[in-house]
Each structure stands twice: as C-alpha cells, then as structure tokens.
Q: 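Have a look at this one.
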Amino acid sequence: MRMITPWRHPANWNIFRIDDRLLLIFIGIIVGVCSGVAAVALSRTLIFLLNWLHPFRHYWWAFVLPGVGAALSSLFLNNFLNEGAGHGVPEVIYSVSRYGGLIRFRSSFSRLISSCLTIGSGGSAGPEAPIVMSGSAIGSNIAKFFSLNDRQRVTLVGCGAAGAISAIFNAPISGMVFTIEVILGEWTALNIVPIAIASVAGTEIAHLLQGDHIVFEYGHFDIAFVDILASAGLAVVAAAVSIALTRAMRGMHKVAGRVPTSPWARAALGGFAVGAIGIYLPVVLGEGYHSIQEAIDGVFLPGLAVAALATLSKILATAFTLGWGGSGGIFAPALVIGSLAGLTFHRLIVLIWPSVAWVNEGCFALLGMAGLISGMLQAPLTGIFLIIEITGGYDVILPLIVVSAISSTVCQYLEPASFYLKELVEKGQLLRPGTDARVLSDLSIQELLEKDCICVGRNMLLREFIDIIQESHRNYFPVEDEETGHFLGLIHLDDIRPYLFNPGMYDAVIMEQLMHSHAEVVRLDDDLGKVLRRMDEKRLFSMPVVSNNRFVGMISKATLLDQYRKELRVQTCQ
C-alpha cells in the first residue's frame with residue numbers, strides 16, 4: 001500500500017511540475033484507452049445480443065422482446081443500483097457544471113448494462129450516450145484516484161467522453177468536438193490538447209481490438225449547385241423533425257409519469273408499444289444502423305409514403321423507448337430519423353421537379369443525418385465532423401455545412417436550449433465555465449464573511465458608543481438584544497454624525513433610537529447571485545449576515561468582487 005500511495009499524487013512528480021498540461025496528457029491517454037475498451041465492449045455485446053435475438057423476431061410474440069428488455073433495464077437501474085433511467089449526457093453535463101466533474105464509479109458500467117438490455121432487445125435507442133456516461137465516469141474516477149483537483153477532473157471527464165465517442169464511431173475529431181461543444185462548453189488550450197490525445201487513444205484502441213473500418217461507406221456523389229440550394233430546404237425540414245423528436249420524447253415522458261405503476265412496468269409498456277410498431281416497420285427496432293446504410297446506398301426500396309411513415313414511426317418508437325423508462329441515447333435514433341427524413345425529402349423534390357438532375361438520394365440521407373444531429377444538439381460542428389468521419393468522405397462538405405448551420409440556427413431560434421441542456425436550463429442547473437452564475441456558485445457566503453465588526457447593545461448610550469467608534473475601523477455596527485443576543489438592526493456611522501459634536505446628547509440617546517431596524521440581511525444559504533443583485537438594486541455596499549437570528553458577520557461587495565475575480569482566473573486558467 002505504501003508503494004501505491006506516491007503514484008496517487010503524480011502532480012508532485014518532477015516531470016509534471018514543469019507544465020500542468022503534461023500531467024493531463026499523460027493521464028488523458030490512460031482515460032482514452034479505458035473508455036475505448038468500454039466502448040468496444042458495449043458495441044460487441046450489442047452485436048451479439050441483436051444477432052442472438054434475430055431468429056426470434058419472426059414469431060408473432062416477438063413484440064414482447066423490447067418490453068422485457070426495457071423492464072429488465074429499469075429493474076437493474078432502479079432496484080439494484082438506485083439510479084434513474086435516461087441517456088446519461090445531461091447527468092455528465094450537470095456534474096461538470098455543479099460538482100467539478102464528480103461521477104460515481106458505478107456509472108462506469110451501469111449504463112452499459114442497462115442500454116445493452118434495452119437496445120439489444122429491440123428498443124429504439126443508441127449506445128453513444130451511455131458510453132459517454134461510462135467514459136466520463138471512468139475519467140472522473142481515475143482523476144479521483146490520482147487526487148487531482150476539480151479543474152483537472154473536469155478535463156479528464158472530457159477525455160473519457162471523447163475517447164468513448166471516438167472509439168465507437170471511429171471518429172477522433174468528432175469525439176473531441178462533441179466533448180468541447182456539448183459537454184464542456186468551452187474551448188481552452190488547457191483542455192483541447194489532452195482531450196484530443198484521449199480521442200486518438202480511444203480510436204487506436206478500437207482499431208487494435210476490432211480493426212479500422214468506416215461506419216457507413218458510400219461511393220461518390222456528383223453534387224451540383226441545385227443540390228446545394230435544395231439542401232437549404234432539407235435543413236428546415238431537419239430542424240422541424242429535430243424539434244418534433246425533442247418534444248415527442250419530453251411529452252411522452254410526462255404522459256408516462258402520470259401512469260400509476262412502477263417504473264419497470266412503465267418501461268415494459270413502452271417497450272411493448274415499440275415491439276408492436278416493429279411488427280409492421282422493423283426499421284424502428286434497435287439502433288437501426290442497417291437502415292442507414294440502405295438509405296446511403298440508395299437501396300431503401302419502399303416508396304415515398306413508406307419512407308415518411310417510417311420517419312414518423314421511428315420518432316414515436318424512440319419516444320416510447322426513452323420516454324417510458326428505457327435506457328439509451330438519442331444519437332443513433334437521430335441518425336436513422338435524419339437519413340429517413342433526407343430520403344423522404346429527396347423523393348419529394350424528385351416528384352415535384354422530375355426534370356432536374358438531382359444527386360443520388362443517398363447524399364440527402366447523409367445530409368439529413370447531419371441536420372438532425374446539428375438541430376437536436378444545437379452543435380453544428382459536431383454534425384459536420386461526425387458525418388464526414390463516419391462516412392469517410394469530403395465531397396458532401398458544402399451542402400453539409402449549409403444543412404448543419406441552418407438546422408442548428410432554426411432550432412436555436414425555436415428552442416431555448418438543446419435536447420441535452422433543456423431540462424438543466426429549465427431547472428436553473430446549467431452553469432457554464434466563465435459565466436457569472438458558475439463563478440458565483442463556486443463561492444460561498446461562509447468564505448466571504450467579514451467578522452471584524454463590533455456589535456453594540458440596543459440600550460447602549462451614545463457616550464459609550466463613541467468609545468467603540470475609536471476602536472473600530474468599520475462604518476457599520478450591528479445592534480443586538482443584550483438578553484437574547486438576537487440581531488435587531490444596523491447603525492451606519494453617517495447616521496450618528498449629527499450627534500457627535502453635541503455632547504448634550506451623549507447621555508440622552510441610545511442605540512435603539514439610531515439603528516435601522518429594517519436593514520436588508522443575508523442568510524448563510526442565500527444564493528450569491530441574488531445577493532449581488534439585491535446590493536445593486538438597493539445601492540448597498542455591505543449587508544449583515546444573520547443565522548438563527550444572530551449576527552455572524554458582514555458581506556461586502558468589494559470582498560465579493562475580489563473573490564469573484566480570483567475564481568474567474570482559476571476557471572479560465574488565466
């Protein structure tokens with residue numbers, strides 16, 4: 001044990017004292033490798049489950065399979081691990097935002113197992129968000145093992161997320177961009193380098209374990225100017241579908257919450273509904289990557305009406321799976337829905353303008369995928385780089401940029417926050433680095449207390465008070481009840497100035513007559529942001545802090561802003 005202890009404090013090693021970034025790069029490689037292994041394990045397990053259950057899907061009773069899987073997933077999370085269902089990314093963002101990236105160790109494997117049960121049985125969800133949760137938890141716990149501070153831990157949480165996404169999609173740039181754009185929400189030199197290295201480590205470990213491959217391969221598209229113009233229309237459609245998917249899942253979650261039954265039974269009901277849809281439209285079952293490849297290859301045989309119906313059904317199936325308590329993410333469903341929406345849009349414009357030489361419909365399937373990812377996540381760079389990397393080509397880059405930019409812009413205009421951030425924003429729990437709320441949340445009233453004020457009694461004579469003024473270097477004097485010790489009010493030095501040069505008043509005036517009995521006070525658990533706003537509104541520079549009716553100190557705007565500046569420098573690494 002004594003031999004292990006020095007290894008838990010690598011920040012003390014001489015080589016890492018030169019530059020803090022070397023330490024993060026070194027541990028980021030470890031995190032990237034571990035999260036890459038977890039991603040490969042999840043991917044291989046899902047493939048095994050889907051293949052194992054495939055022969056049973058031809059039976060009439062196969063509609064129960066997604067229900068059984070979702071119920072087992074819910075039981076595992078709620079009853080064995082005491083964790084709520086969901087896709088995990090908002091939990092990671094919340095931990096980064098409020099708790100310095102602290103995530104429980106069991107989250108390293110809990111979402112992997114629960115999402116395997118849900119997706120492997122046919123539930124409409126993706127493995128990407130659970131693997132982000134798992135990779136982030138791995139990064140957080142490795143940072144905890146090495147006794148790193150909050151800022152370093154947050155960077156390693158990002159390394160875990162980036163390594164996992166990079167490994168599962170074979171897309172290192174997408175993993176890095178997704179992590180910085182969606183999870184951390186800040187681009188700094190300190191976190192970009194270790195996260196980039198972790199992305200490479202996660203990708204390389206995936207290459208080692210399952211070979212180098214392109215997730216969705218395609219030939220070549222001859223894109224004309226008219227196709228780029230049409231992609232602007234597709235972007236608007238993709239934005240509308242993104243918003244529909246977001247609202248369908250949130251609405252379904254509210255409906256499910258009103259059903260008076262246990263969480264596992266609720267998840268089973270949602271799974272049965274998905275199974276029933278899957279009997280007529282198998283494309284809605286599971287992660288649906290095979291249908292994406294069909295759409296890209298241009299071999300999705302059903303016509304325009306069926307493609308549109310499949311798009312709506314996949315939205316419904318995803319809402320039933322995730323809204324009713326199944327476990328998984330929205331990445332894969334969004335890609336499937338985007339490809340189907342792009343396909344539907346292409347067939348519609350071909351029907352309206354048959355004389356135009358449109359590009360192959362597979363190109364619009366790719367563009368639809370980018371539009372959905374960019375719209376749902378409100379992260380255009382993630383949408384662009386993800387599609388480029390998982391298809392291995394740059395010939396669609398121009399319409400890809402158009403679709404991603406317009407889709408994310410329209411969604412930002414219609415929705416105040418992305419799918420991952422919406423709930424956190426509504427609860428006031430999203431605090432991005434460098435913002436007022438985030439800086440103030442890391443400070444507490446307790447650490448800003450100024451305790452050098454001298455309290456006076458309510459019945460103290462002015463003559464006695466003048467002696468206290470000579471000892472104090474403050475302008476404020478809290479007044480207390482001599483018997484109970486309760487805070488009664490506040491005296492400002494300016495209030496007694498008219499009496500100071502009138503000795504005849506020294507024995508005639510007591511403190512109770514001079515104090516402000518309705519002084520604005522602060523509680524120890526008050527929000528610092530609200531305290532600062534009250535100071536601004538009331539034009540106050542100091543306020544008394546009261547706990548259990550007793551004065552405990554003063555809080556001043558000067559001290560608050562001084563600490564604010566120091567904390568801001570720490571968070572922004574200045």
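Remember, it's a predicted structure, so these values are computed and weren't measured experimentally.
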Q: Sub-3.5 Å donor-acceptor pair from the side chain of Gln378 to the main-chain atoms of Ala417, do we have one?
A: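 Checked: pair present.
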Q: Report the distance from atom CG of Leu322 to atom OG1 of Thr118, rounding to the nearest 0.5 Å.
A: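 Going from the CG atom of Leu322 to the OG1 atom of Thr118 covers 8.5 Å.
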Q: Given Ser108 and Asn141, is the side chain to side chain contact (heavy atoms under 4.5 Å, CB included) satisfied, shown in steps?
A: CA-CA 9 Å; Ser108 306; Asn141 285 280; 4.2 Å; yes
Q: Identify, with sequence neighbours excluded, every residue that meets side-chain hydrogen bond (donor to acceptor under 3.5 Å, both in side chains) alongside Ser291.
A: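 Partners of Ser291 under the side-chain hydrogen bond (donor to acceptor under 3.5 Å, both in side chains) test: none.
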Q: Output, in order, the C-alpha distance, side-chain angles, deciding distance and verdict of side chain to side chain contact (heavy atoms under 4.5 Å, CB included) for Phe105 and Lys144.
A: CA-CA 10 Å; Phe105 174 72; Lys144 186 178 177 183; over 6 Å; no
Q: Run through Ile296, Leu234, Leu343, Thr344 and flag the one making a side chain to side chain contact (heavy atoms under 4.5 Å, CB included) with Phe364.
A: Leu234
Q: Below 4.5 Å, heavy atoms only, C-beta onward: do Ser136 and Ile183 meet side chain to side chain?
A: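 Answer no - side chains too far apart.
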Q: Flag the pair Met249 / Leu245 as yes when at least one side-chain heavy-atom distance between them is below 4.5 Å, and no otherwise.
A: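 Side-chain contact under 4.5 Å: yes.
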Q: Contact between Ser110 and Leu77 at the side-chain level, heavy atoms closer than 4.5 Å - yes or no?
A: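 They are in side-chain contact.
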Q: Between Ser73 (side chain) and Gly69 (backbone), is there a donor-acceptor pair under 3.5 Å?
A: no
Q: Taking all non-hydrogen atoms of both residues, which atom of Ala164 and which atom of Ser35 are closest, and how far apart?
A: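 For Ala164 and Ser35, the tightest heavy-atom pair comes out as N-OG, 3.6 Å.
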Q: Is any side-chain heavy atom of Ile330 closer than 4.5 Å to one of Tyr420?
A: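 Touching, per the 4.5 Å side-chain cut-off.
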Q: So which heavy atom on Ala167 is nearest to which on Ala206, and how close?
A: O-CB, 3.6 Å
Q: Do side-chain atoms of Ser242 reach the backbone of Ala238 as a donor and acceptor pair under 3.5 angstrom?
A: yes
Q: Rounded to the nearest 0.5 Å, what's the gap from CD1 on Ile277 to CZ on Phe320? Could you check?
A: 5.5 Å
Q: Any side-chain donor-acceptor pair under 3.5 Å between Ser408 and Ser374?
A: no
Q: Could you state the interatomic distance from CG (Leu117) to CG (Leu112), rounded to the nearest 0.5 Å?
A: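 Atom-to-atom, Leu117:CG and Leu112:CG are 11.0 Å apart.
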Q: Could you go through Ser124 and Val284, starting from their C-alpha distance and side-chain angles, then the distance that decides it, and tell me whether this counts as side chain to side chain contact (heavy atoms under 4.5 Å, CB included)?
A: CA-CA 6 Å; Ser124 178; Val284 306; 5.5 Å; no
Q: Would you say Leu42 and Cys116 make side-chain contact, with heavy atoms under 4.5 Å?
A: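 Yes, side chains in contact.
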Q: Below 4.5 Å, heavy atoms only, C-beta onward: do Phe221 and Leu366 meet side chain to side chain?
A: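 Counting from C-beta outward, Phe221 and Leu366 do come under 4.5 Å.
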Q: Heavy atoms only: give me the nearest Pro333-Thr318 pair and the separation to one decimal.
A: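 Of all heavy-atom pairs spanning Pro333 and Thr318, the closest is CB-OG1, 3.5 Å.
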Q: Report yes or no: does Ser74 contribute a side-chain atom to a donor-acceptor pair with the main-chain N or O of Ala71 at less than 3.5 Å?
A: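 Side chain of Ser74 to backbone of Ala71, a donor-acceptor pair under 3.5 Å: no, none is there.
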Q: Should we count NE2 of His54 as having more than 12 external heavy atoms under 6.0 Å?
A: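 No, the 6.0 Å shell around NE2 holds no more than 12 heavy atoms from other groups.
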Q: Quick check for you: to the nearest 0.5 Å, what is the distance between Leu156 atom CG and Asn191 atom CG?
A: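 Between atom CG of Leu156 and atom CG of Asn191 there are 11.0 Å.
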Q: For Gln210 and Val40, indicate whether the former's side chain and the latter's backbone hold a donor-acceptor pair under 3.5 Å.
A: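 Checked: no pair found.
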Q: Which atoms form the tightest heavy-atom contact between Gly383 and Ser404, and what is the distance?
A: C-OG, 4.2 Å
Q: Rounded to the nearest 0.5 Å, how far apart are CG of Leu148 and OG of Ser140?
A: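 These two atoms lie 10.0 Å from each other.
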Q: Which heavy atom in Ile119 sits nearest to a heavy atom in Leu50, and how many Å separate them?
A: O-CD2, 3.7 Å
Q: Show your working on side chain to side chain contact (heavy atoms under 4.5 Å, CB included) between Val241 and Val237 and close with a plain yes or no.
A: CA-CA 6 Å; Val241 175; Val237 172; 4.3 Å; yes
Q: Locate the shortest heavy-atom distance separating Val182 from Ile93; write the atom from each residue and the value.
A: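 That would be O-CD1, 3.7 Å.
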Q: Do Ser134 and Arg111 have side chains that approach each other closer than 4.5 Å (heavy atoms only, starting at C-beta)?
A: no
Q: Please check if the side chain of Ser231 supplies one atom and the backbone of Ile228 the other of a donor-acceptor pair under 3.5 Å.
A: yes
Q: Quick one: does Gln293's side chain have a donor or acceptor within less than 3.5 Å of a partner on His290's backbone?
A: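 It does not hold such a pair.
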Q: Within the structure provided, determine whether Pro172 and Glu204 are in side-chain contact (heavy-atom separation under 4.5 Å).
A: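 When only atoms from C-beta onward are counted, Glu204 and Pro172 do not touch, as no gap falls below 4.5 Å.
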Q: Using ring pair (Phe, Tyr, Trp, His ring centres under 6.0 Å) as the criterion, list what pairs up with Phe331, not counting sequence neighbours.
A: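 If we apply the ring pair (Phe, Tyr, Trp, His ring centres under 6.0 Å) test to Phe331, skipping adjacent residues, the hits are Phe169, Phe178.
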Q: CD1 of Ile27 to CD1 of Ile197: how many Å apart, nearest 0.5 Å?
A: 14.0 Å
Q: For the residue pair Asn170 / His207, report whether a side-chain donor-acceptor contact shorter than 3.5 Å exists.
A: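 Judged by distance alone, the side chains do pair up.
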Q: With distance as the sole test, does Ser43 use its side chain to make a donor-acceptor pair with the main-chain N or O of Ala39 at under 3.5 Å?
A: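 Not a single qualifying donor-acceptor pair exists.
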